[in-house]
Structures are given as structure tokens and as C-alpha cells.
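For reference, the structure discussed in these notes is given below.
As the structure is a prediction and not an experimental result, all values here were calculated from the model.
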Amino acid sequence: MNISTVVSVLNVGVLLTLFVIYARIYNKTRAVFTIGLMFFSVMLILHNLIAVYAYLVMAPLYPADLLAYFVAIHVAELVGIISLLRVTL
């Protein structure tokens, strides 16, 4: 569970970086598309914050067999978000 929490916090950090980049792009260009990207990043931040909260509060309720799947899901998300950050830069 600790690994999932750490990866989720990393996801939030990368997503906050993306949000700041998108906000700067919006301020320069006023392109409506970047508002959608900002909304997308905020929703993923919310998803990861809820996941961290759930891991910390409800950890005893999760069977040990699920933990590897949670890690895989969050690592896959981290790889996707880092790819998006790389393309954005």
C-alpha cells in the first residue's frame, strides 16, 4: 500500500506541473483547448488525492492480493502522465 501511495503522490506532482504549464499557455494564447487540458489534469489530481486518502484510511480493508494491481495501475498512470509532460515540453 505504501508503494501505491508514493506513486500516487508522484502523479500529483507531475500533474501539478502539467497544470501550471497549461495555465501559462492559456494566459499567453487564450486557447480554449488548454482549459480542457487544465480540467483534465485537475480531475486526475482529484483521482490521485482520493486514492491516497483511501489507501491511508481504508488500508486494512484491502486484501493483500489487490496491492500489486493498485501499484500497476498507478505506475501505468505515472508513465502516461510523464509521457504527456514530455510531449508538452
Side-chain angles (χ1 to χ4, degrees):
M1 194 58 63
N2 291 334
I3 297 171
S4 292
T5 303
V6 169
V7 175
S8 291
V9 170
L10 290 174
N11 285 342
V12 170
V14 175
L15 287 163
L16 284 172
T17 303
L18 279 170
F19 180 83
V20 168
I21 291 169
Y22 295 149
R24 288 179 183 166
I25 291 171
Y26 179 75
N27 284 335
K28 289 180 185 177
T29 65
R30 298 292 182 203
V32 179
F33 178 72
T34 55
I35 294 174
L37 293 172
M38 289 166 49
F39 179 76
F40 176 75
S41 62
V42 167
M43 290 297 104
L44 284 177
I45 289 170
L46 183 62
H47 159 75
N48 281 284
L49 291 176
I50 291 170
V52 168
Y53 175 77
Y55 293 152
L56 297 176
V57 173
M58 298 187 299
L61 301 176
Y62 292 120
D65 297 339
L66 280 180
L67 300 182
Y69 294 106
F70 289 151
V71 171
I73 289 168
H74 289 290
V75 167
E77 183 179 354
L78 182 61
V79 169
I81 294 169
I82 289 173
S83 299
L84 183 60
L85 179 62
R86 179 71 178 125
V87 169
T88 302
L89 295 175

Counterpart residues, side-chain contact (heavy atoms from CB on, under 4.5 Å), relative to I35 (two or more places apart):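 Applying side-chain contact (heavy atoms from CB on, under 4.5 Å) to I35 gives Y26.
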Pairing residues for S83 by the side-chain contact (heavy atoms from CB on, under 4.5 Å) criterion, not counting sequence neighbours: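 S83 satisfies side-chain contact (heavy atoms from CB on, under 4.5 Å) with V79 only.
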Show me the donor-acceptor pairs, under 3.5 Å and distance only, between side chains in residues 14-23 and residues at least two apart or in other chains.
unit_1: T17; atom_1: OG1; unit_2: G13; atom_2: O; d: 3.0
unit_1: Y22; atom_1: OH; unit_2: T88; atom_2: OG1; d: 3.4

Inter-residue atom distance H47.NE2 - M43.CE, 0.5 Å rounding: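 That separation rounds to 12.0 Å.
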ILVMFWY network linking V87 to L89, side-chain heavy atoms under 4.5 angstrom: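 In one cluster: no.
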Name every donor-acceptor pair, under 3.5 Å, that has one atom in a side chain of residues 66-73 and the other anywhere in the protein, sequence neighbours excluded.
none

For N48, all residues meeting side-chain hydrogen bond (donor to acceptor under 3.5 Å, both in side chains), sequence neighbours excluded: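 In terms of side-chain hydrogen bond (donor to acceptor under 3.5 Å, both in side chains), with neighbours along the sequence ignored, N48 is linked to N11, E77.
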Distance-only polar pair, side chains of S8 and H74, donor-acceptor under 3.5 Å: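 Yes, H74 and S8 have a side-chain donor paired with an acceptor closer than 3.5 Å.
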Full working for side-chain contact (heavy atoms from CB on, under 4.5 Å) between L44 and F40: CA-CA 6 Å; L44 284 177; F40 176 75; 3.4 Å; yes
All pairs passing side chain to side chain donor-acceptor pair (under 3.5 Å) where residues 34-45 contributes a residue, at least two apart: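 Of all non-adjacent pairs touching residues 34-45, none passes side chain to side chain donor-acceptor pair (under 3.5 Å).
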